[in-house]
Amino acid sequence: MDHLTPALARSWILSTARLIEQNAQHLSDLDAAIGDGDHGANMSRGFQAVAKKLEGDAKADDLGALFKVTGMTLLSTVGGASGPLYGGFFLDLGKQCASRAALDAKDLADVLDSGLADIQRRGKAQPGDKTMVDALAPAIAAMRAAGDDIVTATRAAADAARNAATATAPLLARKGRASYLGERSIGHEDPGANSVALLLDALASATGA
Amino acid sequence: MDHLTPALARSWILSTARLIEQNAQHLSDLDAAIGDGDHGANMSRGFQAVAKKLEGDAKADDLGALFKVTGMTLLSTVGGASGPLYGGFFLDLGKQCASRAALDAKDLADVLDSGLADIQRRGKAQPGDKTMVDALAPAIAAMRAAGDDIVTATRAAADAARNAATATAPLLARKGRASYLGERSIGHEDPGANSVALLLDALASATGA
Amino acid sequence: MKKLINSPENVVREELEGLQLAHADRLRVSFDPFYVVRRDAPVKGKVGLLSGGGSGHEPLHGGFVGPGMLDAACPGHVFTSPTPDQMFEAGKAIHSGTGVLQIVKNYTGDVMNFDLAAEMLREEGIAVESVLTDDDVAVEDSLYTAGRRGVGLTVLMEKLLGAAAQKGMPLDQLKALGDKIRASGRSMGMALTPCTVPHLGKPSFELAENEMEVGIGIHGEPGRKRMPLTSADQITEMLMEPVISDLPFRKGDQVILFVNGMGGTPLIELYIVYRKAAEIAARHGLTISRNLVGSYITSLEMAGASITMLRADDALLDLWDAPVNTPALRWGA
Amino acid sequence: MKKLINSPENVVREELEGLQLAHADRLRVSFDPFYVVRRDAPVKGKVGLLSGGGSGHEPLHGGFVGPGMLDAACPGHVFTSPTPDQMFEAGKAIHSGTGVLQIVKNYTGDVMNFDLAAEMLREEGIAVESVLTDDDVAVEDSLYTAGRRGVGLTVLMEKLLGAAAQKGMPLDQLKALGDKIRASGRSMGMALTPCTVPHLGKPSFELAENEMEVGIGIHGEPGRKRMPLTSADQITEMLMEPVISDLPFRKGDQVILFVNGMGGTPLIELYIVYRKAAEIAARHGLTISRNLVGSYITSLEMAGASITMLRADDALLDLWDAPVNTPALRWGA
Ligand SMILES: Nc1ncnc2c1ncn2[C@@H]1O[C@H](COP(=O)(O)OP(=O)(O)O)[C@@H](O)[C@H]1O
Ligand SMILES: Nc1ncnc2c1ncn2[C@@H]1O[C@H](COP(=O)(O)OP(=O)(O)O)[C@@H](O)[C@H]1O
Ligand SMILES: [Mg+2]
Ligand SMILES: [Mg+2]
Ligand SMILES: [Mg+2]
Ligand SMILES: [Mg+2]
């Protein structure tokens, strides 16, 4: 397995939906501590809608269309801060993949990097601001470092995202709702970093399955 | 001591004020169970105002004036159901005593009976309706039965009122707020019957002192 | 007890100070004795409309003083009827020669205190009539209770009689109109939580996390029955059914539907109740000609709701639509 | 969780159904996607005024749709920003040829979603401007936060821009006026209790019986500091002082003073707060030219209050006095 094919990408998205669903309560609990407690509900509403769309949509059989429909659906169902960020991210992936049949490990890292840039353009968060960026950036770096095997690379990315999400706890939030808490945001993991960890875990499962 | 003199009547009222003050919380607790929880506050507000009035008012040196100022003050400070009832009661006592220097035990029972009639005219409660009437009526009866010694008579009245107040517990309320509870009013003593018991306890203390 | 207050004894005084400061353009407050009165009282040629009752039900009654509604309101201590001297002074302040109409909620204390005030006013040569509200169907109306309580209908009564008085209706006709409204309206309420009277410092009753109290009045007294908490739709059925069947409201009736919050229930929930109430009304063939949704007759911070329905002919609807300009109810002005 | 709801998922839909049923004379509701819109939209020759945000702040924003205020409002799920497709459809529905002005509370999610909607509307050839509210002085405004939150000023902004739009003010001037209002208003809030988001089922934070949370926003997020509960007067000082010193408001300023309830706090307490706020304003030489007291921008059933002050010249006061006819704010019509 050395490419992310449309079939695998579809299984990535669907498995993300499952993981989000299983962890919705946990994501909301994290958000309740330093935000407004809706991150789990937002993400689960969004990815359930995506799953429904994909299951009823045979046309999304190329990467570009698949990611586009994912992005559009997230945009119109998630709301909050994470809606435009995740929605924009997948729309950007869709654009990057418009004319590609499949992605190798290096392509995948490039495409994810472009998505990350879209998140940062929109949200203006820097690494260390205690946001989803803090999980996504090190995950992509780990993916690159892990080499050409997509299974190894995505597993490395998932592990890095998980560790990075945990490592957001000591940070002081500078973006999003958590920033209103100032010092009191310290000691809690960022919910968005945790949903990114689930996204990458689902990617590793999809390619490794 | 065989008469209620103006000095004793004054000490009756002032000692009622003290007893009410000490038992305000208890009266309110009783009212909270089957009413709206303000009987203690109402009575204490009223009798504190009366005490202040009497302490600053040397003119109320005859029974008529004393009871009238008590009634007027209760009327304008107690509010609720008990305000007009206690206020009217004392105004009636004032009228009965207008031209009397002192009351013997039989006079006192007559005067209280007239006051009770005023309460019943205004509130339309019958004995057994679970109101202050249930303490006042048997108290006056006991006073009459006890004979001519005013100390014995008022002590008998106080004891009867206390017992009668306790005996309101099994009754079903038919007047005042407690009547809204229907069957649920059973098992709780009536607050107004309890404040009447304090009133008569104060009377016994005043004559017996 | 968590409240934005300074001390339990000063709650009513300080609230009245705030009310006067905020609405000095429309009303003024007397502090000895307590009453809230239209700034331009007495209004020449108009019957003076007077109401009052225990505090803790805001905006009732003080928030309804102004053109098109009350001329004066007498607030008692929290949940305690006001005293006759208040109504006596307020009555004199609003009497312009055409008499005073008292709107009285049917509670033993209110009735007796207003009766005393009426006697005192009459002794001054002022014509006084009183209208009762006793719309709460939760109370069994029999010889063996103090009768039904006055609840939500009081708000509608004050608006409608206020409009009629403003139009110059004389005292006897106002009294008759009030009696007609009294006979045409019914209410029922429920609570999700109790409330805490400031000077008591503890809740008026206890309710478990899964319980509600049905058939409450507005004085923090416990209701008629305690039940497991259920859905908004079922609760709305539970309130609407006795209201409709008691009057009874009949197919073809025009009604004013009033969904009221008890103080601690947010508007979002009141609209959910309104939705179901409107559906139930439609099912019974009733036409909701006007409505009111909000917290207008409350029990401090109690969470819960009540529903009031009033059968209304075109004349009543015209009175409803007439301009009103008070702190809490305002339109057309 | 004790709420008058049927199920957490249906809270917003059912509330909107109730809102539409109760106010069909003034507004209608689109259910796919969700938005509330003036019944007579688009209003010829008038800039369309659009706002929105998470639900749970009622009557904001849907209760402010009507002549003299908003043309449309987009409700998100409870405490969650609405999505761009809602603002896109609502924007199209209210555009009469003279453009659309968005009023956006400064929260990351709201800003990003409204920005996306503005892009989409512009692609349709509709002129769009946006005005932010970021009046919450509890948030340190620095490069290192998401910036100040938009809170109470949003209500005043919607009223004032609504009046200006109704008078025919063109889009660019409305935007400039909005920016001026943004620069002239400040707020601060506190909570006595947390609130419970329906689908979470447990309180957004915990507060002991003797604690309060100062510097809360309106999303059930914890505030800036937790303190022992104190008196209404001291709390009012604690809210007024930073509001006054931040702008700063200066001796001689005319202001609109808005005392807002968070949803579960009864009116009686808000007037106690107003009383002290007015006293503090007077002490600083400020003239309260207009005021608003009530629960207009809430956090579900949270108990607490916020204070907003807006420096207002005569032109703003005229806009304040202009007729408004919405479910939750109404005068002169
Ligand atoms: N400016 C931003 N840039 C990147 N990520 C952000 C930004 N603001 C918020 N986030 C992410 O969004 C998450 C919160 O999402 P969510 O709870 O769904 O939205 P909201 O904060 O509007 O309730 C945060 O945990 C954080 O990771
Ligand atoms: N109609 C009545 N006749 C006689 N006593 C009454 C009547 N109604 C109420 N009471 C008495 O008043 C008491 C309650 O007084 P209080 O709590 O001060 O007034 P409220 O019921 O208005 O809150 C009752 O316990 C009862 O004894
Ligand atoms: Mg969130
Ligand atoms: Mg009582
Ligand atoms: Mg009482
Ligand atoms: Mg949110």
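All values below come from the heavy atoms of this structure, side chains included, with hydrogens, waters and symmetry mates left out. So you know, we letter chains A, B, ... as the sequences are listed, proteins then strands, and number each from 1.
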Measure from the side-chain N and O atoms of C/T108 to the backbone N and O of B/A81, and report whether any donor-acceptor pair falls under 3.5 Å.
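No; zero donor-acceptor contacts below 3.5 Å.
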
Side-chain heavy-atom pair C/M112, B/L85 within 4.5 angstrom cut-off:
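Side-chain contact under 4.5 Å: yes.
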
Please tell me if the side chains of C/V197 and B/D38 come closer than 4.5 Å, counting only heavy atoms from C-beta onward.
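No - every pair of side-chain heavy atoms lies 4.5 Å or more apart.
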
[X], part contacting chain C, at a heavy-atom distance under 4.5 Å:
X      : answer
B/Q126 : neither
B/D31  : neither
B/A178 : neither
B/A125 : neither
B/S82  : neither
B/R184 : side chain

For the student: nearest non-hydrogen atoms of [X] and [Y], plus distance:
X      : Y      : value
C/N113 : B/L75  : OD1-O, 4.5 Å
B/Y180 : C/R149 : CZ-CG, 3.1 Å
C/L200 : B/D36  : CD1-O, 4.4 Å
B/S179 : C/A146 : OG-N, 3.1 Å

With a 4.5 Å cut-off on heavy-atom pairs, point out which of B/K124, B/R122, B/R45 contacts chain C the most.
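Result: the option with the highest number of such pairs is B/R45.
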
Considering only heavy atoms, which portion of [X] lies under 4.5 Å from any heavy atom of chain B: side chain, backbone, both, or neither?
X      : answer
C/F205 : neither
C/H219 : both
C/D85  : side chain

